[in-house]
Amino acid sequence: MAWTPRTAEILRAVAAYQLAQEALAGEFSARWAEALAAVEAREVAGSLTELETAYAAAVRESAAASYALSIAFYRLVRALETGRVIGGPGYRPGASLGSLWADFNKATGKRTGSGPYTPLPVDTRNPFPAEDLKREAERVAETFRREVADRVAKYERERAGRGSAALDDAELIAREKEFLESLKTGGSGAGGMLVQDGGRDMIHNALQDDPGAIGYYRATDASPCYFCALMAGRGAVYKSKRTAAFGAHPHCHCQAVPIFSRRYQLPAENTQFARMWKRFGGGSLADWRTYYSMTTKT
Ligand SMILES: [Zn+2]
């Protein structure tokens, strides 16, 4: 008998997944802010090694959680859409909609759904790539250099350049505050991207290796930027030999949602962005940006 995709449940899982990924980025940002709060502006240069260690550890911990969460999500959506379980990390014999919901609920820390404990047929394949810790460490180092170390070097150069021509207290305090704020915002936006990529890239790659997957779409956060709204409005991206990169950016909480059946349904937001694009009537990306910001303001 043909399986009927459990659309309402899938959309609930998608919403819970997006929020859980966003929360992981938020946890990372909080840890980074805490590490920064422990040093004075003038001490940052001397504490770069410690800060980088803290930064890398915080990314790793949250990215690992994102990876595990995303596998639970992928397996759940696949089962809800096709009635079949896929193997790989976290797979347990006798898996059912009940056990997959339980795994997902545990990963998100919220009870979003439940299901019957009737074992489902299994596809034993493991499409999930292992975590690429080396690549992640390289990206973390690169990100830290760009968002933190380079800013610190510039700040120190300016400080040395001023020499004894001291700023008055108010100016100095304002400048220090601005400097620390830039480390916090820059570091957390780019680091939060690495955190969510732990799961996001994994899903994007798993699709390619799963004959049951036909593509993905973009699930946005509550207030996506014009670029992400445009991508989400385009709907499904069917996979091909060269499926383009997902294209996340710092401070972006969009997620890749795998699709396993032509009978998938997009979240209401995606349909809304598609309508908005239609009303816009086409034009340059810059024009769309203006149109989008005017339409979404208020
Ligand atoms: Zn986005």
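Just so you know, ligand 1 is whichever comes first in the structure, and atom 1 is the first atom listed for that ligand. Everything numeric in this text was worked out from a predicted model, so none of it was measured.
In summary, Cys252 places an N/O/S atom under 2.8 Å from the Zn ion (ligand 1), meeting the contact criterion. Look at Cys228 and the Zn ion (ligand 1): an N/O/S atom of the residue is under 2.8 Å from the metal. In summary, an N, O or S atom of Cys254 is located under 2.8 Å from the Zn ion (ligand 1).
Tyr226 and Thr296 share no donor-acceptor pair across their side chains, judged by distance under 3.5 Å alone.
A donor-acceptor pair is defined here as one N or O able to donate and one able to accept, closer than 3.5 Å; no such pair exists between the side chain of Arg175 and the backbone of Ala170.
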Item to complete: Apply side-chain hydrogen bond (donor to acceptor under 3.5 Å, both in side chains) to the pair Trp3 and Glu81, showing each step before the final yes or no.
Response: CA-CA 8 Å; Trp3 179 269; Glu81 221 154 276; over 6 Å; no
Discussion item. One pair to check against side-chain hydrogen bond (donor to acceptor under 3.5 Å, both in side chains): Thr124 and Tyr91. What are the steps and the verdict?
Written reply: CA-CA 9 Å; Thr124 49; Tyr91 166 75; over 6 Å; no
